[in-house]
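Report on the following structure.
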Amino acid sequence: MSSLKKSDKKAALDFAAWSFNVTTSVGIIMVNKALMATHGFSFATTLTGLHFVTTTLMTIVFRWLGLSQPSHLPLADLIKFVIFSNLSIVGMNVSLMWNSVGFYQIAKLCMIPASCLLEVVFDHVHYSRDTKLSIMVVLIGVAVCTVTDVSVNARGLIAAVIAVWSTALQQYYVHFLQRKYSLNSFNLLGHTAPAQAGSLLLVGPFVDFLLTGKRVDHFNFSSLALFFLTLSCFIAIGVNLSQFICIGRFSAVSFQVLGHMKTVLVLSLGFLFFGKEGLNLQVVLGMVLAVLGMIWYGNASAKPGGKERRSVLPVRSASLKGSSEEKGGAEK
């Protein structure tokens, strides 16, 4: 009975974590769409830097309230994480500018195979046949409903490769650092958010000028633009925190696979609020196939042998408060 209650509690916490991530991620996409498309704030890299500023303030408040305990993250690991993360952010923005929307979507889908390869090589994870097939179904479904025009050029391909691998490494590293140093999500954000905020605010205006030809310091803020900017920054706290919670509880691959539920929701909400242009049978069938693949993945990976780690990463003996709960749900 106790094991059943423990399993039910874990399932409830897993669902809460995913719901938190999906809600905040879809919310920030819709807010950013209004901020950028309607009010003309097209400085995506600088905006991400501002997101990490508010996240840093959240970690400071939590530490002041005693909700986050002191922890240690070696400088070398912090630098590697910030490099991966910032390359991911800049790479995705550059890839979107230099590639067609269709090729950009294909590049995003390639993050799942890249994350799988990292887990197989570094963690010796074994995937069952059903788990592999379910991932293929998700990839096909999302491709059907998102990929339209596909054109490739040399510099766009390079940007896409950098974006894919840096994103996969960043998400793998979140899981790796939480396990290796017994860090919970608040601890890890407390180390990484200030470094990302400072570095992105330093390079962001230059990257945005390269991408848009506009200077962020010349942007004329209206009251509504300022409202959406502030709202975006506050929602970003939930996005950053929920990402670390989800990857800590599951894995980078599970986060990528089930994370495509956000793609389906964004498409659905876009058709609902911004018109039904582009909505057709192909898109609907793709969304249905993607959702069925996600359900299959959840069931297949949860079965014995569906997804298992063949070696265990040594974990630092000095556990920190709040880390045991997240390590307990580290794989699904």
Side-chain angles (χ1 to χ4, degrees), residues 4-34 51-52 54-55 58-59 62 67-68 108 111-112 115 131 134-135 137-138 141-142 145-146 167 170-171 174-175 178 183-189 193 231-273 287-303 306-307 322-332:
L4 184 61
K5 288 183 178 179
K6 185 177 180 180
S7 176
D8 290 342
K9 181 180 179 181
K10 180 184 179 302
L13 290 173
D14 289 348
F15 178 77
W18 277 118
S19 299
F20 184 28
N21 180 255
V22 169
T23 302
T24 53
S25 297
V26 173
I28 201 168
I29 289 171
M30 304 307 287
V31 169
N32 285 351
K33 185 171 183 177
H51 288 168
F52 281 108
T54 54
T55 302
M58 180 272 293
T59 62
F62 272 53
L67 299 175
S68 177
K108 287 179 67 177
M111 292 174 192
I112 293 180
S115 295
T131 303
S134 66
I135 292 174
V137 171
V138 172
V142 176
C145 66
T146 60
T167 301
Q170 183 261 345
Q171 294 184 355
V174 169
H175 195 62
Q178 290 192 22
L183 298 171
N184 62 28
S185 304
F186 295 105
N187 295 142
L188 187 55
L189 268 179
L231 183 60
S232 176
C233 288
F234 275 105
I235 298 176
I237 296 174
V239 174
N240 292 328
L241 179 59
S242 63
Q243 183 195 43
F244 280 27
I245 290 174
C246 286
I247 296 177
R249 292 190 67 83
F250 311 107
S251 70
V253 173
S254 294
F255 181 75
Q256 282 284 346
V257 173
L258 299 180
H260 278 296
M261 176 61 74
K262 293 175 283 191
T263 303
V264 174
L265 285 174
V266 168
L267 283 173
S268 302
L269 291 174
F271 292 137
L272 181 63
F273 292 111
M287 290 191 290
V288 171
L289 190 61
V291 171
L292 291 176
M294 292 171 210
I295 295 172
W296 187 11
Y297 174 83
N299 291 329
S301 61
K303 291 178 180 177
K307 180 182 177 184
S323 64
S324 58
E325 180 184 344
E326 293 188 20
K327 288 188 295 174
E331 286 294 341
K332 185 176 180 178

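Keep in mind that the numbers below use all heavy atoms, side chains included, and drop hydrogens, waters and symmetry copies.
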Worksheet entry | 4.5 Å side-chain heavy-atom contact, V253 and Y297 | yes
Worksheet entry | Over all atoms of both residues, closest heavy-atom pair of A17 and I245 | CB-CG2, 3.9 Å
Worksheet entry | Results of side-chain hydrogen bond (donor to acceptor under 3.5 Å, both in side chains) for S232 - residues two or more places apart only | N32, H51
Discussion item. Give me the atom names and distance for the closest heavy-atom approach of Q178 to S185.
Written reply: NE2-OG, 4.1 Å
Fill in: From CE (M294) to CD1 (I135), nearest 0.5 Å
12.0 Å
Fill in: Any donor-acceptor pair under 3.5 Å from T24 side chain to N21 backbone
yes
Discussion item. So, using ring pair (Phe, Tyr, Trp, His ring centres under 6.0 Å) as the criterion, who are the partners of F62 when residues are at least two apart?
Written reply: F186
Worksheet item: If you look at every heavy atom in C246 and F255, which pair is closest and at what distance?
Response: CB-CD1, 3.7 Å
Item to complete: Please name all residues satisfying side-chain hydrogen bond (donor to acceptor under 3.5 Å, both in side chains) with Q256, sequence neighbours left out, ordered by chain then number.
Response: Q171
Worksheet item: For the atom pair CD1 (I247) and CD (Q170), what is the distance rounded to the nearest 0.5 Å?
Response: 6.0 Å
Worksheet item: Taking only residues two or more places apart in sequence or in another chain, which ones pass side-chain hydrogen bond (donor to acceptor under 3.5 Å, both in side chains) with N240?
Response: T55
Worksheet item: With T59, which residues qualify under side-chain hydrogen bond (donor to acceptor under 3.5 Å, both in side chains), at least two apart?
Response: none
Discussion item. For the OG1 atom of T131 and the CG atom of N299, what is their distance to the nearest 0.5 Å?
Written reply: 10.0 Å
Worksheet item: Counting heavy atoms not belonging to F20, are there more than 12 under 6.0 Å from its CZ?
Response: yes
Worksheet item: Closest heavy-atom contact between T54 and C233?
Response: OG1-O, 2.9 Å
Response to the item:
What one should report as the nearest heavy-atom pair of V174 and L188 is O-CD2, 3.9 Å
Discussion item. Quick check: closest heavy atoms across W18 and S254, and the distance to 0.1 Å?
Written reply: CH2-O, 3.5 Å
Worksheet item: To the nearest 0.5 Å, how far apart are CE in M58 and CG in L241?
Response: 5.0 Å
Item to complete: Can you sort out the partners of L292 under side chain to side chain contact (heavy atoms under 4.5 Å, CB included), two or more places apart, ordered by chain and number?
Response: V288
